[in-house]
Number of protein chains: 2
Amino acid sequence: MGLSNISAIRKKEIVEAFYNTAIKEGLESTSIAKIAKSLDIQPSLIIHYFKSKEELVTALIDHCLELYLRIFEKAYTHRRNSSDVLYALVQRMFSKDWNDLFDDGVYYSAYALVYREPQVKEKFNKIHKTLRAKFSSLLKECDAFGHINCKEPDQTSNLIFSLLDGTYYFINMLDTDTEQKEHLKQSEELAFKILGLHKNPEN
Amino acid sequence: MGLSNISAIRKKEIVEAFYNTAIKEGLESTSIAKIAKSLDIQPSLIIHYFKSKEELVTALIDHCLELYLRIFEKAYTHRRNSSDVLYALVQRMFSKDWNDLFDDGVYYSAYALVYREPQVKEKFNKIHKTLRAKFSSLLKECDAFGHINCKEPDQTSNLIFSLLDGTYYFINMLDTDTEQKEHLKQSEELAFKILGLHKNPEN
DNA sequence: CAACTTATTGAACGGTTATTCAATAAATTT
DNA sequence: AAATTTATTGAATAACCGTTCAATAAGTTG
């Protein structure tokens, strides 16, 4: 394998240190020096692996979005049939611990870059379209099996995701767990209603 | 009035310069020196009005949120009856030019602070609850007049707003106007459906 | 006009930023 | 074992950061 392996490991190490520091101190105020200190290495070593800060930030965004993607993909659980998958998925997406799987602070700082950096915009675009397309496929399958009635799966997918994103956007401003859960419950109900699914767990 | 007037004007001037520079260069990379330069004054003068950068950022967030609030309040137009107000409002909220009234780049950078700074969280919380409460009142009024059937106006208000916020979150990743408008149209349709309003303009 | 308060300037401060570079240590290849 | 490539260090750079302070200009009040 050679050193290219060590190189890859170090790179990942650095990006993860960046991510963890950014969670605590904020994305924009995390400097190369701070990342280096947290790894007990010299700042110049970071520059050796990432030619510039910009490149490092790009790597962080990729890391963030991959985490984001994986969380969704893990939620597509194995079940007897597609409607059970859909049911469990929606239930999970609108659950409180779903929110805790991910640090939204860093994520939204990255998202803000969408408005200034076309490449970041492209990355976010791609990930979100991927997620929505996958969900749409599931809806299509459920419809084909007659489990739900959904003739416009792309549109429905988009609506569910918009509802989801908007709900998390809001509940993170709320103080209490109770309040957050209440809002999630209302949104989940609407989601089930849109899909024409009854909320009586059968798993 | 005295100089307190000039002081207030200068302060506003500085915050607006901050905002405009942040739109172009990003919130976090807008320094006091840059703001000063854009106003053709000395950095120390800014410190004279705002004791620290932190105080300045707080003022910017207040400015941002006030703009945000005002955009909504302007959309509550005078109409013959409350259902016309509601109809026009929803139509406006989900329109393309609604999105252009506001710079979301700076806004989302500020929003990201919600996750680290309790005071910022509190500010966002307050504004959003205010908006949702006002919309809820309108729903209640419409229901009272029998224009719509809405027995849980608070919940309905929250759902419409979540749908709205989530929709804008997503469409700002999209490249074309056509795409954006299509998504807005779908979300608007769902909003009208939730409210039990028919989409046949009568204004 | 004199006394006083505020507005504004401009220089200076120590600290941090990203980045460069030469030197050395370690690992890999020949 | 020698040669070469890569990893890592540590010092140095210039630019910028927020902030302080004394000096001066301008405006307000007595």
Side-chain angles (χ1 to χ4, degrees), chain A residues 1-22 24-61 63 106 109-110 112-113 116-117 119-120, chain B residues 1-22 24-61 63 106 109-110 112-113 116-117 119-120:
Chain A
M1 301 192 183
L3 277 191
S4 68
N5 199 14
I6 279 194
S7 170
I9 291 174
R10 258 281 190 250
K11 275 190 149 191
K12 199 177 177 184
E13 212 173 59
I14 292 168
V15 170
E16 274 167 5
F18 188 4
Y19 185 59
N20 290 325
T21 310
K24 291 168 208 146
E25 310 201 24
L27 174 58
E28 314 281 351
S29 55
T30 299
S31 64
I32 292 182
K34 283 180 189 168
I35 302 168
K37 200 169 193 177
S38 87
L39 286 171
D40 211 27
I41 59 174
Q42 296 292 329
S44 50
L45 186 56
I46 294 180
I47 290 283
H48 175 249
Y49 287 104
F50 301 90
K51 269 168 271 171
S52 67
K53 177 87 186 281
E54 200 186 337
E55 202 174 291
L56 186 54
V57 170
T58 301
L60 178 76
I61 292 176
H63 177 70
V106 178
S109 289
L113 295 176
R116 264 177 298 130
E117 316 229 359
Q119 291 182 352
V120 177
Chain B
M1 299 186 183
L3 276 190
S4 67
N5 199 14
I6 277 191
S7 170
I9 290 174
R10 258 284 190 247
K11 275 189 146 189
K12 201 176 174 185
E13 212 172 58
I14 291 168
V15 171
E16 275 167 4
F18 189 3
Y19 185 60
N20 290 325
T21 309
K24 290 168 209 149
E25 310 201 22
L27 175 57
E28 316 282 350
S29 55
T30 298
S31 64
I32 293 182
K34 282 179 189 168
I35 304 168
K37 200 169 193 177
S38 85
L39 285 171
D40 210 27
I41 60 174
Q42 296 292 328
S44 51
L45 186 56
I46 294 180
I47 290 283
H48 176 249
Y49 287 104
F50 300 90
K51 270 168 270 174
S52 67
K53 177 87 185 278
E54 200 186 338
E55 202 173 290
L56 186 54
V57 170
T58 301
L60 179 76
I61 292 176
H63 178 70
V106 177
S109 289
L113 295 175
R116 267 177 296 130
E117 317 230 357
Q119 291 182 351
V120 176

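Letters A, B, ... are given to chains in the order of the sequence lines, protein chains preceding strands, and every chain is numbered from 1.
- Using a 4.0 Å cut-off, no side-chain N or O of B/Gln42 falls inside it from OP1 or OP2 of C/dT8.
- Judged by closest nucleotide on DNA chain C, A/Ser31 is the one of A/Ser31 and A/Ser44 placed further toward the 5' end.
- The side chain of A/Arg10 contributes no N or O atom lying less than 4.0 Å from OP1 or OP2 of D/dT6.
- Closest contact between the side chain of A/Ile41 and the listed nucleotides C/dA7, C/dT9, D/dT9 involves D/dT9.
- Ranking C/dT19, C/dT8, D/dT8 by closeness to the B/His48 side chain, first place goes to C/dT8.
- In this structure, the side chains of A/Gln119 and A/Ile61 stay at 4.5 Å or more apart for every pair of heavy atoms.
- Look at CD1 on B/Ile47: it is 14 Å from P on C/dT9, rounded to the nearest Å.
- Atom pair B/Leu45:CG and D/dT20:C1' shows a separation of 14 Å (rounding to whole Å applied).
- Expressed to the nearest 0.5 Å, how far CD of A/Glu13 lies from OG of A/Ser38 amounts to 9.5 Å.
- Environment of CD in A/Glu54: sparse, with no more than 12 heavy atoms of neighbouring residues, nucleotides or ligands closer than 6.0 Å.
- In this structure, CG in A/Leu56 is found 6.0 Å from CD1 in A/Ile32, a value given to the nearest 0.5 Å.
- What separates NZ of A/Lys37 from C1' of D/dG10 is a distance of 15 Å, to the nearest Å.
- To the nearest 0.5 Å, atoms CD1 (B/Ile14) and CD1 (B/Ile9) are separated by 12.0 Å.
- Picking from C/dT19, D/dT19, C/dT17 the nucleotide with the shortest atom distance to the side chain of A/Lys34 gives C/dT17.
- Whole-Å rounding puts the A/Glu13 CD to D/dT8 C1' distance at 13 Å.
- Rounding to whole angstrom units, CD1 of residue A/Ile46 and P of D/dT9 are separated by 10 Å.
- Side chain of B/Lys53, nearest nucleotide from D/dT8, C/dT9, D/dG18: D/dG18.
- Between the CD1 atom of B/Ile9 and the C1' atom of D/dG27 there is a distance of 14 Å, rounded to whole Å.
- To the nearest angstrom, P of D/dT8 lies 8 Å from CD1 of A/Ile14.
- The nearest whole Å value for the distance from the CD atom in A/Glu25 to the P atom in C/dT17 is 9 Å.
- Between A/Tyr49 and D/dT6 there is no side-chain polar atom (N or O) within less than 4.0 angstrom of OP1 or OP2.
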